[in-house]
Amino acid sequence: MKAFYICMCFLGTVLPFAAFAPWLFSHGPNVTLLFQLASSNSISQFAWLDVLVCALVLIAFIWHEGRRLNMSRLWLPSLGTCLVGVSLGLPLFLLLREIHISDKHSL
């Protein structure tokens, strides 16, 4: 599973940025325009609100499950979720969790 999670971290970072990069090169870091376009119609609002709720649930899960398992570096998948999205945060947390669990069982 570790190799799968690593691949998903890569894809979860590269694919969203590949879609975002052309817009960023055209408009620069125009946050106002980004939010304007992201909320321009009910379909985009639906998609972004869905992503926002998923990101909040994921961050809560990262901290709850991570503390329950006494994991370290929980800030890393939380930061990945905020900077890239759930597409990075979730597989990164699952990778760290898999490493943590396998390290405990190897002792």
Side-chain angles (χ1 to χ4, degrees):
M1 288 305 292
K2 290 177 194 174
F4 174 73
Y5 292 143
I6 290 169
C7 288
M8 291 300 102
C9 285
F10 176 77
L11 288 176
T13 301
V14 170
L15 293 178
F17 278 124
F20 182 58
W23 184 90
L24 188 60
F25 289 134
S26 294
H27 303 285
N30 188 340
V31 177
T32 304
L33 180 60
L34 178 64
F35 282 116
Q36 207 172 42
L37 292 173
S39 62
S40 62
N41 61 57
S42 58
I43 296 301
S44 59
Q45 289 172 2
F46 161 76
W48 281 108
L49 289 172
D50 181 63
V51 169
L52 179 62
V53 169
C54 288
L56 292 172
V57 169
L58 176 59
I59 290 171
F61 175 70
I62 288 168
W63 288 94
H64 175 77
E65 180 72 359
R67 285 181 180 152
R68 186 180 73 80
L69 295 175
N70 200 27
M71 292 173 58
S72 60
R73 300 183 307 265
L74 298 175
W75 61 271
L76 195 55
S78 298
L79 182 64
T81 301
C82 293
L83 293 178
V84 176
V86 174
S87 62
L88 171 61
L90 180 58
L92 182 55
F93 174 72
L94 294 174
L95 173 64
L96 294 174
R97 183 175 175 266
E98 187 76 21
I99 291 168
H100 177 78
I101 289 170
S102 66
D103 285 351
K104 280 185 107 174
H105 286 115
S106 66
L107 295 176

*asked:* Please tell me whether Met1 and Leu90 are part of a single hydrophobic cluster in this structure, the criterion being side-chain heavy atoms less than 4.5 Å apart.
replied: yes
_Rounded distance [0.5 Å steps], CZ in Phe4 versus CD in Glu98_ = 11.5 Å
_Main-chain N/O of Gln45 paired with Ser39 side-chain donor or acceptor, under 3.5 Å_ = no
*Cluster link Phe17 to Val51, ILVMFWY, side chain under 4.5 Å*: no
*asked:* Are more than 12 heavy atoms, taken from residues, nucleotides or ligands other than His27, located less than 6.0 Å from that residue's NE2 atom?
replied: yes
*CZ on Arg68 to CZ on Arg97, rounded to 0.5 Å*: 7.0 Å
_Tell me the closest heavy-atom pair linking Trp23 and Asn30, and the distance in Å._
CH2-O, 3.5 Å
_side-chain contact (heavy atoms from CB on, under 4.5 Å) between Phe93 and Leu74, worked out_ = CA-CA 8 Å; Phe93 174 72; Leu74 298 175; 4.1 Å; yes
*Which atom names give the shortest non-hydrogen contact between Val86 and Cys54, and what distance separates them?*
CG2-C, 3.9 Å
*When rounded to the nearest 0.5 angstrom, what is the spacing between CD1 in Ile6 and CG in Leu92?*
10.0 Å
*For residues Thr81 and Ala55, report the shortest heavy-atom separation together with the two atoms involved.*
CG2-CB, 3.8 Å
*Got a second to check how far Phe61's CZ is from Leu58's CG, nearest 0.5 Å?*
8.0 Å
*Of all heavy-atom pairs between Pro22 and Ala18, which one has the smallest distance, and what is that distance?*
CD-O, 3.2 Å
*Can you see which heavy atom on Val84 is nearest to which on Leu88, and at what distance?*
CG2-CD2, 3.7 Å
*Kindly determine whether Trp63 and Ser78 satisfy side-chain hydrogen bond (donor to acceptor under 3.5 Å, both in side chains), including the steps that lead there.*
CA-CA 8 Å; Trp63 288 94; Ser78 298; 2.8 Å; yes
*Cluster link Phe20 to Leu37, ILVMFWY, side chain under 4.5 Å*: yes
*Quick one: closest heavy-atom pair of Leu11 and Pro16, and the distance?*
O-CD, 3.6 Å
*Roughly how far, to the nearest 0.5 Å, is the CD1 atom of Ile62 from the CE atom of Met71?*
9.0 Å
*Applying the 4.5 Å side-chain criterion to the ILVMFWY set and letting contacts propagate, would Leu33 and Leu24 be lumped into a single cluster?*
yes
*Output the distance between atom CG (Leu15) and atom CZ (Phe10), rounded to the nearest 0.5 Å.*
8.0 Å
_Joint hydrophobic cluster, Val57 plus Leu79, side-chain heavy atoms closer than 4.5 Å_ = no
